[in-house]
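I have placed the structure first, in the form of structure tokens, so that the comments after it can refer back to it.
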Amino acid sequence: MPVFYGRDIASPLMLGTAQYPSPAVLAQAFRASNAGIATVSLRREGGEGQAFHSLIRDLGVTVLPNTAGCHSVKEAVTTAHMAREFFDTPWIKLEVIGDHDTLQPDVVALIEAARILTADGFQVFPYCTEDLSVCGHLLDAGCRVLMPWGAPIGSGRGLNNPYGLRSLRAHFPDVPLVVDAGIGLPSHAAQAMELGYDAVLLNTAVARAGDPVAMARAMALAIEAGQLARKAEPIEARDMAAPSTPLMGMAVLG
């Protein structure tokens, strides 16, 4: 199970709380997924008040507030401070969006905001790209977890750059890594775990599915399968066939 900032998390599946057809479906999906962390936008919380907060609390999961929708350092830092006061946690998922179409993070502003928030006592989970240099600067800024995207938020494209994600895992073997955004299918989640990632964060793939509860369960099973596959040390891919039945001992037919 993942460990973030010294805290053990019950499950490597992290779920967002937006876009569900109803609060009841949201609760059922979380229970089906056994998710260990729920990400919550302060802006959404402000619109729905204590009823939504009570719903999340009753799920018994760890809350990770985020700065979703922020496009500047000032906006993200202000939102993070408001979230810390409201949710009473130093954890913050830091998003600073740089492009309206792809929702790609503004990595320069992200590093600056991470440095400011870490100095203010926050434990930052930065939504970033898989760029090694950017991730190195985020670690230098005080982040102890990295959350590279798999693909643009809500796109369902899966892992656009498996090579980059694999390289990031190899380059920072001791840093908790979470694939955040772009997951559309259980196979995508399994692939992330097979690469050695510590957790997967997704929202749209479950919330907007025809049956969110069934998809939540499917994601949980896929992540478990990916973990087991990683631990089982899978064979390496080959360019040529390798016979599974040995030639020695076979009957010689005249």
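You'll find the side chain of Pro65 stays beyond 4.5 Å of the side chain of Val40, heavy atoms only. The shortest side-chain heavy-atom distance between Tyr5 and Pro176 does not fall under the 4.5 Å cut-off. In this structure, Asp106 and His71 have side chains that are not in contact, with every pair of non-hydrogen atoms separated by 4.5 Å or more. Two residues are said to be in side-chain contact when any heavy atoms from C-beta on lie closer than 4.5 Å; Thr89 and Val63 fail this criterion. Met147 places none of its side-chain heavy atoms less than 4.5 Å from the side chain of Glu95. Within the 4.5 Å cutoff, side-chain heavy atoms of Pro2 are placed close to those of Pro12.
With sequence neighbours excluded, the residues that form a side-chain hydrogen bond (donor to acceptor under 3.5 Å, both in side chains) with Arg157 are Asn160. The side-chain hydrogen bond (donor to acceptor under 3.5 Å, both in side chains) check on Asp198 picks up Arg169, with sequence neighbours excluded. With sequence neighbours left out, Arg217 forms a side-chain hydrogen bond (donor to acceptor under 3.5 Å, both in side chains) with no residue at all.
Each of Val3 and Ile9 belongs to its own hydrophobic cluster when Ile, Leu, Val, Met, Phe, Trp and Tyr are linked at side-chain heavy-atom distances under 4.5 angstrom. Cluster membership check: Ile97 does not share its hydrophobic cluster with Leu146, using side-chain heavy-atom separations under 4.5 Å among Ile, Leu, Val, Met, Phe, Trp and Tyr. Hydrophobic cluster membership is shared by Phe86 and Val124, with clusters built from Ile, Leu, Val, Met, Phe, Trp and Tyr side chains linked at under 4.5 angstrom. Phe125 and Leu103 end up in different hydrophobic clusters when Ile, Leu, Val, Met, Phe, Trp and Tyr side chains are linked at under 4.5 Å. Leu13 and Val145 fall within a single hydrophobic cluster, where Ile, Leu, Val, Met, Phe, Trp and Tyr are joined by side-chain heavy atoms under 4.5 Å apart, directly or via other members.
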**OP:** Before giving the answer on side chain to side chain contact (heavy atoms under 4.5 Å, CB included), spell out for Leu138 and Cys128 the whole-Å C-alpha distance, their side-chain angles and the decisive distance to 0.1 Å.
**Re:** CA-CA 9 Å; Leu138 286 167; Cys128 57; 3.7 Å; yes
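Atom-to-atom distance recorded for His171:NE2 and Cys135:SG is 9.5 Å, nearest 0.5 angstrom. Here the CD1 atom belonging to Ile223 is positioned 6.5 Å from the OG atom belonging to Ser11, to the nearest 0.5 angstrom. For the atom pair Met14 CE and Phe4 CZ, the distance stands at 5.0 Å (nearest 0.5 Å).
Seen from the ring of Phe122, Arg84 counts as a face-on cation partner, given the 6.0 Å and 45° thresholds.
In terms of modelled atom types and a separation under 3.5 Å, the side chain of Thr39 and the main chain of Leu64 share no donor-acceptor contact. Side chain of Arg31 to main chain of Leu59: no donor-acceptor pair is present (N/O by atom type, distance under 3.5 Å, no hydrogens or angles). Counting only distance, with no hydrogens or angles, the side chain of Thr67 and the backbone of Cys70 share no donor-acceptor pair below 3.5 Å.
Applying the side chain to side chain donor-acceptor pair (under 3.5 Å) test to pairs two or more places apart or on separate chains, those with a residue in residues 110-133 are His81-Asp120, Trp91-Gln123, Glu130-Trp149, Glu130-Asn161.
The heavy-atom pair separating Leu94 from Ala114 by the smallest distance is CD2-N, 3.5 Å. Looking at every heavy atom in both residues, Ile37 comes nearest to Phe30 through O-CE2, 4.1 Å. Of all heavy-atom pairs spanning Ala151 and Gly158, the tightest one is CB-O, 3.3 Å. Ile111 and His137 get closest at one heavy-atom pair: CD1-CB, 3.5 Å. Nearest approach of Ser41 to Ala68, heavy atoms of both residues: OG-CB, 4.3 Å. A pairwise comparison of heavy atoms in Ala29 and Ala216 identifies O-CB, 3.3 Å as the closest pair.
Around CG of Asp58, the count of heavy atoms belonging to other residues, nucleotides or ligands within 6.0 Å exceeds 12.
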Side chains of residues 202-210: which donor-acceptor pairs under 3.5 Å do they make with residues two or more places apart or in other chains?
unit_1: Asn203; atom_1: OD1; unit_2: Ala18; atom_2: N; d: 3.3
unit_1: Asn203; atom_1: ND2; unit_2: Ala18; atom_2: O; d: 2.9
unit_1: Thr204; atom_1: OG1; unit_2: Gln19; atom_2: NE2; d: 3.2
unit_1: Arg208; atom_1: NH1; unit_2: Gln19; atom_2: OE1; d: 3.0

Just distance, no hydrogens or angles: give the donor-acceptor pairs under 3.5 Å from side chains in residues 177-196, sequence neighbours left out.
unit_1: Asp180; atom_1: OD2; unit_2: Lys93; atom_2: NZ; d: 3.0
unit_1: His188; atom_1: ND1; unit_2: Gly184; atom_2: N; d: 3.0
unit_1: His188; atom_1: ND1; unit_2: Leu185; atom_2: N; d: 3.0

